[in-house]
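To find a chain, count down the sequence lines: A is the first, B the second, and so on, and within it residues start at 1.
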Number of protein chains: 2
Amino acid sequence: MQLNPKTQDFVERVGLALENLGTTRTLGRLFGLLLVADQPMSLDELARLLQVSKASVSTNARVCVQIGLAQQVGIPGDRRDYYEISPGSFEQAVAARLSAIRELVGLAEAGISAVDEDNRVATARLEEMRDFYQFVGDEMAKMMPRWRETRKPVNSRKRQR
Amino acid sequence: MQLNPKTQDFVERVGLALENLGTTRTLGRLFGLLLVADQPMSLDELARLLQVSKASVSTNARVCVQIGLAQQVGIPGDRRDYYEISPGSFEQAVAARLSAIRELVGLAEAGISAVDEDNRVATARLEEMRDFYQFVGDEMAKMMPRWRETRKPVNSRKRQR
DNA sequence: TGAAACATTCAATACATACTTAACGTAGTG
DNA sequence: CACTACGTTAAGTATGTATTGAATGTTTCA
């Protein structure tokens with residue numbers, strides 16, 4: 001496989017975007033490459049196309065799998081490791097954000113019990129923080145099933161499988 | 001003003017949390033300190049309580065203001081700069097996430113036009129990515145007014161101002 | 001058994017960047 | 001006008017960490 005300039009640009013943009021979202025650039029590039037791949041890719045192929053060391057791909061691919069962005073897939077008669085985008089990767093990414101938000105609720109509660117009782121302004125602020133992130137977390141959790149709903153076929157006769 | 005151990009811990013936890021969310025730890029600590037403050041704080045005071053240089057506070061406070069987390073406030077008869085949490089800071093933080101999500105929609109579209117037409121699997125994947133983040137972005141945008149709705153007083157007779 | 005093809009691990013390097021110190025600019029104040 | 005108080009800027013340092021190259025471990029195959 002070979003990368004044309006446009007996909008090269010795309011991979012690079014994904015790298016930057018994911019880096020800004022808290023991952024490393026190489027991991028972002030790896031994810032971007034898997035996004036445009038038409039089939040699972042081996043470590044060597046990934047390393048060659050990304051122009052990074054095999055070691056880096058190894059660790060980054062592992063991380064991708066751990067956080068649910070990619071999955072390992074075997075190919076019969078081949079002992080190499082192949083990777084592809086995992087089916088729920090986008091939902092997974094949002095789920096990770098969700099747990100970060102839940103953490104903020106806990107933080108706000110810790111803050112409330114940390115400040116002096118007579119510090120009304122801080123208490124009110126932290127209560128709003130708690131309520132806000134509680135609200136956002138709940139709403140995001142409710143969002144996901146709704147998304148899956150939109151993916152279902154509109155006509156039950158067309159149901160596959 | 002002085003920090004008791006519990007608020008010290010809180011500030012530190014906020015520092016870690018915000019660092020994990022992509023800011024620097026010091027900025028997170030600064031934000032955490034402002035969260036528990038009972039009044040606007042000067043640069044010197046912030047530097048003393050956080051035990052960092054005034055220069056660091058200066059730049060970090062400026063960043064906080066730029067991204068809508070804090071605001072500068074003046075005190076009559078005092079030429080120092082004072083800072084406090086800005087009213088819409090939490091909503092603002094979510095809004096920043098929202099624009100990152102919108103960026104992902106654009107990325108997916110760029111990907112779609114980058115891959116070969118006969119690469120069905122990648123095209124389908126990128127279309128799902130586009131639709132998904134479009135959905136999430138829209139839902140998050142709709143979330144915010146709903147949140148403000150919950151803040152309104154239930155009884156119109158209690159309306160303040 | 002040896003060699004080849006893999007993936008992983010580890011120490012060393014390279015790189016990015018946040019922070020500090022010091023210098024600077026500016027505006028009040030005596 | 002000097003002096004102080006204050007905030008910002010800029011160069012240098014320090015720190016964390018991602019990547020590399022080499023070594024290691026495993027499996028397959030001749």
Without decimals, in angstroms, what is the distance between [X] [atom1] and [N] [atom2]?
X       : N      : atom1 : atom2 : result
A:Asn20 : C:dT17 : CG    : C1'   : 14 Å
B:Asp78 : D:dC6  : CG    : P     : 8 Å
B:Arg79 : D:dT4  : CZ    : P     : 13 Å
B:Arg29 : C:dA18 : CZ    : P     : 13 Å
B:Tyr82 : D:dC6  : OH    : P     : 8 Å
B:Leu30 : C:dA18 : CG    : P     : 14 Å
A:Gln72 : C:dT8  : CD    : C1'   : 12 Å
A:Leu27 : D:dA18 : CG    : C1'   : 11 Å

Report task. Check DNA chain C against residues 55-67 of chain A and give the residues with a non-hydrogen atom under 4.0 Å, in numerical order. Result ->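 By residue number: A:Ala55, A:Ser58, A:Arg62.
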
Query raised in the report: Using a heavy-atom distance cut-off of less than 4.0 Å, which residues of residues 40-50 of chain A contact DNA chain C?
Result: A:Leu43, A:Asp44

Query raised in the report: Given A:Tyr83 and A:Gln71, is the side chain to side chain contact (heavy atoms under 4.5 Å, CB included) satisfied, shown in steps?
Result: CA-CA 6 Å; A:Tyr83 293 91; A:Gln71 65 185 5; over 6 Å; no

Query raised in the report: If you take all heavy atoms of A:Met143 and B:Phe135, which pair is closest and at what distance?
Result: O-CE2, 3.8 Å

Query - Heavy-atom pair of closest approach, residues B:Met129 and A:Phe90 - result: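 Nearest heavy atoms, B:Met129 then A:Phe90: CB-CZ, 3.3 Å.
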
Requested in this report: Measure from the side chain of B:Asp81, starting at C-beta and using heavy atoms only, and say which of D:dT27, D:dT8, D:dA5 lies closest.
Outcome: D:dT8

Report task. Give B:Thr24 one of three labels, base, sugar-phosphate or nothing, depending on what nucleic acid heavy atoms sit under 4.0 Å from its own. Result ->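 Result for B:Thr24 = sugar-phosphate.
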
Query raised in the report: What do the steps show when you test B:Arg13 against A:Glu103 for salt bridge (charged side-chain N to carboxylate O under 4.0 Å, His left out), and what is the final call?
Result: CA-CA 10 Å; B:Arg13 278 188 63 186; A:Glu103 167 73 17; 3.6 Å; yes

Requested in this report: Identify, with sequence neighbours excluded, every residue that meets side-chain hydrogen bond (donor to acceptor under 3.5 Å, both in side chains) alongside A:Asp78.
Outcome: A:Arg80, A:Tyr82

Query raised in the report: Start at the 5' end of DNA chain C and walk down; is the nucleotide closest to A:Tyr83 or to A:Glu19 reached first?
Result: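 Residue closer to the 5' terminus by nearest nucleotide: A:Tyr83.
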
Donor-acceptor contacts under 3.5 Å from residues 1-11 of chain B side chains, at least two apart:
residue: B:Asn4; atom: OD1; partner: B:Lys6; partner atom: N; Å: 3.1
residue: B:Asn4; atom: OD1; partner: B:Thr7; partner atom: N; Å: 2.8
residue: B:Asn4; atom: OD1; partner: B:Thr7; partner atom: OG1; Å: 3.1
residue: B:Lys6; atom: NZ; partner: A:Ser113; partner atom: O; Å: 3.1
residue: B:Thr7; atom: OG1; partner: B:Asn4; partner atom: N; Å: 3.3
residue: B:Thr7; atom: OG1; partner: B:Asn4; partner atom: O; Å: 2.8

Return all side-chain donor-acceptor pairs below 3.5 angstrom for residues 57-69 of chain B, not counting sequence neighbours, or 'none' if the list is empty.
residue: B:Thr59; atom: OG1; partner: B:Ala55; partner atom: O; Å: 3.4
residue: B:Thr59; atom: OG1; partner: B:Ser56; partner atom: O; Å: 2.9
residue: B:Asn60; atom: ND2; partner: B:Ser56; partner atom: O; Å: 3.0
residue: B:Asn60; atom: ND2; partner: B:Ser56; partner atom: OG; Å: 3.2

Requested in this report: Answer yes or no: is there a donor N or O on one side and an acceptor on the other, between the side chain of A:Asp116 and the main chain of A:Asn119, under 3.5 Å?
Outcome: no

Identify all side-chain donor-acceptor contacts of residues 29-45 of chain B below 3.5 Å with residues at least two apart in sequence or on another chain.
residue: B:Arg29; atom: NH1; partner: B:Glu12; partner atom: OE2; Å: 2.3
residue: B:Ser42; atom: OG; partner: B:Glu45; partner atom: N; Å: 3.2

